[in-house]
Protein chains: 2
Amino acid sequence: MQTNSQFAVAIHILSLLACYPGEPLTSETIAGSVTTNPVVIRRILGSLRRAGLVTSQPGNGGGWKLTKEPGTISLRDAYTALQSGSCFALAPKPPNEKCLVGCSLQQILQDVFEETEAAMTAHLASLTIGDIVARL
Amino acid sequence: MQTNSQFAVAIHILSLLACYPGEPLTSETIAGSVTTNPVVIRRILGSLRRAGLVTSQPGNGGGWKLTKEPGTISLRDAYTALQSGSCFALAPKPPNEKCLVGCSLQQILQDVFEETEAAMTAHLASLTIGDIVARL
DNA sequence: CAATCCGTAACTGATTGGGTTACATATCGT
DNA sequence: ACGATATGTAACCCAATCAGTTACGGATTG
């Protein structure tokens, strides 16, 4: 499956910022650590900023900082900030309406996927950026 | 995120087979319910067969059947049968080795992703095809 | 006002996934 | 034995997606 790596990069970014508290890091500096292009970093940081996890400061001496203590930022916060969709997807075309099974299955699948993802994010909620940094 | 829909289709297939116990269904019949091409169905059924969840019979009057009772087939069985990879992915390029954070983060991320997916599949293990069919 | 950095649009190349065609192989009924 | 039927794959096409990149406008600092 082609899964995007935004979540992994987001955790990387947040951990990096947590390691340099107070000191704003530029997207270029972060990109140097992640080994990618600054724009890729800024795209992800944009999502994290919209979720209120980081702040940015343009101009000379600017950069990015965390808005909260690393211990109060859960991995679920980062995950939902990206809103890069679900792990699961329904079939591209809806099932045959003449089939009794397929007809009612849609809603059931949707519910199951939702529950399953909730189980996953519940685990993510139990881990914070502080925990990650502590493991380094 | 671009997620493949094989898991959804697999559940659809297994539920359908569960609804017609003993009676073999052809990939064409199943495709008619899912609204897709028979080959797409056969590809997924191939994975399910390799995992021992279904059997196939070629030739006239052939088709597909479950090998077990629907109540003994968990959604995790279907999920792992597809082995369509993880929900999460590491960044395409490894982090900068000169960065102390990025350097040790790789392994931590891998562990976290593994734990998180385990939490997810644990929930999938608690649901069976029998449960799905019962909800129809 | 010059240097720096964010913010975002636009484009590219590679990868992937669903859909499709085609064909070899196996089985059943007559 | 033979024709009909269905599986099992390989091969290909097209659309969508993602990481990466270039470009440029706007904000801030000194």
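Within every chain, numbering begins at 1; the chains are lettered A, B, ... in the order of the sequence lines, protein sequences first and strands thereafter. Keep in mind that what you see is a predicted model, and the values were worked out from it rather than measured.
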Spell out, yes or no, whether A/Leu100 and B/Val133 are grouped together once hydrophobic residues are joined by side-chain heavy atoms under 4.5 Å, including indirect joins. no
Taken to the nearest 0.5 Å, the spacing of B/Thr67 OG1 from B/Ile73 CD1 works out to 5.5 Å
Rounded to the nearest 0.5 Å, what separates atom OG in B/Ser33 from atom CG in A/Leu105? 8.0 Å
Closest to the [X] side chain: [options]?
X	options	result
A/Pro58	C/dG19, D/dG20, C/dC5	C/dC5
B/Val39	D/dG20, D/dA10, C/dG7	D/dA10
B/Asn37	C/dT20, D/dT29, D/dG20	C/dT20
B/Thr36	C/dC6, C/dG19, D/dA4	C/dG19

What is the separation between atom [atom1] on [X] and atom [atom2] on [N], rounded to the nearest whole Å?
X	N	atom1	atom2	result
B/Arg42	D/dA10	CZ	P	13 Å
B/Ile13	D/dT7	CD1	P	11 Å
B/Ile41	C/dT21	CD1	C1'	17 Å
B/Ile44	D/dT7	CD1	P	14 Å
B/Asn60	C/dT30	CG	C1'	11 Å
B/Gln6	C/dG19	CD	C1'	13 Å
B/Gln57	D/dG8	CD	C1'	14 Å
A/Leu82	D/dC18	CG	C1'	14 Å

Using only atom types and a distance under 3.5 Å, with no angle test, would you say the side chain of [X] pairs donor to acceptor with the backbone of [Y]?
X	Y	value
A/Thr72	A/Lys68	no
A/Thr80	A/Arg76	yes
B/Asn96	A/Thr35	no
B/Thr121	B/Leu124	no
A/Ser5	A/Ala8	no

Which residue lies more 5' along DNA chain C, comparing A/Ser56 with A/Arg43 via nearest heavy atoms: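 In this pair, the answer is A/Ser56.
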Parallel, tilted or perpendicular: which one describes the rings of A/Phe88 and A/Phe113, with boundaries at 30° and 60°?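 Parallel, since the angle between the ring planes stays under 30°.
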Is there a residue in residues 17-31 of chain A whose heavy atoms reach under 4.0 Å of DNA chain D, and which residues are they?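 Nucleic-acid contacts, sorted: none.
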By the salt bridge (Lys or Arg N to Asp or Glu O under 4.0 Å) test, which pairs, at least two apart or in different chains, include something from residues 118-136 of chain B? A/Glu115-B/Arg135
Residues touching DNA chain C, which here means a heavy atom under 4.0 Å, drawn from residues 46-55 of chain A: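 Those residues whose heavy atoms fall under 4.0 Å from DNA chain C, taken from residues 46-55 of chain A in numerical order, are A/Arg49.
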Heavy-atom contacts under 4.0 Å between residues 92-105 of chain B and DNA chain C, which residues? none
By side chain to side chain donor-acceptor pair (under 3.5 Å) - contacts of B/Thr116 (at least two apart): A/His123
By side chain to side chain donor-acceptor pair (under 3.5 Å), which residues pair with A/Gln6, not counting sequence neighbours?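 With neighbours one apart ignored, the set is empty.
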5'-most contact on DNA chain D: B/Gly62 or A/Thr35, nearest heavy atom basis?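 It is B/Gly62 whose nearest nucleotide is closer to the 5' end.
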